[in-house]
Amino acid sequence: MTECRVLLFSLLAEAVGKRELVAAVELPCSAGALVDSLAKDSSPIRAYRHVIRVAVNREYVPETHVIRSGDEVAIITPTSGG
């Protein structure tokens, strides 16, 4: 197991009440599996799961992307505004 820093933005950060989580993950782990794991423990993440995008080390990645030790993961919901 390793710890992974997970950043939250926008309404997801507001709903969870935090801008950052630390998740314990067993590597190898895909970005999608990490989000699914977080959604099991967090109803706000579960509620937005269908619209979440994932970025690893500040780049959007597909949910099949494999997380590595030391990666910074961000889960992002759509935003609007001007």
Side-chain angles (χ1 to χ4, degrees):
M1 282 279 192
T2 189
E3 290 186 344
C4 182
R5 181 176 174 217
V6 181
L7 305 177
L8 307 174
F9 294 93
S10 185
L11 19 115
L12 193 54
E14 292 173 24
V16 171
K18 297 179 182 181
R19 296 200 175 277
E20 185 175 320
L21 302 172
V22 176
V25 296
E26 189 169 331
L27 300 178
C29 176
S30 70
L34 172 61
V35 175
D36 288 341
S37 175
L38 292 170
K40 285 181 186 176
D41 297 329
S42 171
S43 59
I45 295 173
R46 188 170 39 255
Y48 291 105
R49 178 64 183 102
H50 66 286
V51 295
I52 286 175
R53 298 264 332 261
V54 181
V56 176
N57 300 325
R58 299 182 183 187
E59 291 187 30
Y60 283 106
V61 297
E63 291 201 6
T64 56
H65 179 87
V66 176
I67 305 292
R68 293 179 175 78
S69 181
D71 281 349
E72 176 187 82
V73 178
I75 55 177
I76 303 162
T77 55
T79 58
S80 65

So L21 and I45, side-chain contact (heavy atoms from CB on, under 4.5 Å) or not? Walk me through it. CA-CA 12 Å; L21 302 172; I45 295 173; 4.1 Å; yes
Stepwise, does the side-chain contact (heavy atoms from CB on, under 4.5 Å) test hold for V73 with L7? CA-CA 6 Å; V73 178; L7 305 177; over 6 Å; no
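Hydrophobic clustering (ILVMFWY, side-chain heavy atoms < 4.5 Å, transitive): V56 and I75 are in one cluster. Under the 4.5 Å side-chain contact rule for hydrophobic residues, V6 and V51 share a cluster. Hydrophobic cluster membership differs between V66 and L38, with clusters built from Ile, Leu, Val, Met, Phe, Trp and Tyr side chains linked at under 4.5 angstrom. Under the 4.5 Å side-chain heavy-atom criterion for grouping Ile, Leu, Val, Met, Phe, Trp and Tyr, L34 is not connected to I76 through any hydrophobic cluster.
Across all non-hydrogen atoms, the minimal contact from T77 to F9 is OG1-O, 4.2 Å. Across every non-hydrogen atom of L12 and P44, the tightest pair is CD1-O, 3.8 Å. Between L27 and I67, the closest heavy-atom pair is CD2-O, 3.5 Å.
From N57, atom CG reaches atom NE2 of H65 across 7.0 Å, with rounding to the nearest 0.5 Å.
With sequence neighbours excluded, the residues satisfying side chain to side chain contact (heavy atoms under 4.5 Å, CB included) with A33 are C29, S30. In this view, A13 and L8, R19 satisfy the side chain to side chain contact (heavy atoms under 4.5 Å, CB included) rule, not counting sequence neighbours. For T64, the side chain to side chain contact (heavy atoms under 4.5 Å, CB included) test picks out P62, with sequence neighbours left out.
Judged as a side chain to side chain donor-acceptor pair (under 3.5 Å), the pairs with a partner in residues 38-55 (not counting sequence neighbours) are, in order, D36-R49, R49-E63. Here salt bridge (charged side-chain N to carboxylate O under 4.0 Å, His left out) pairs that include residues 3-12, with residues two or more places apart or in two chains, are R5-E20, R5-E72. Legend: side chain to side chain donor-acceptor pair (under 3.5 Å) pairs involving residues 6-18, not counting sequence neighbours: none detected.
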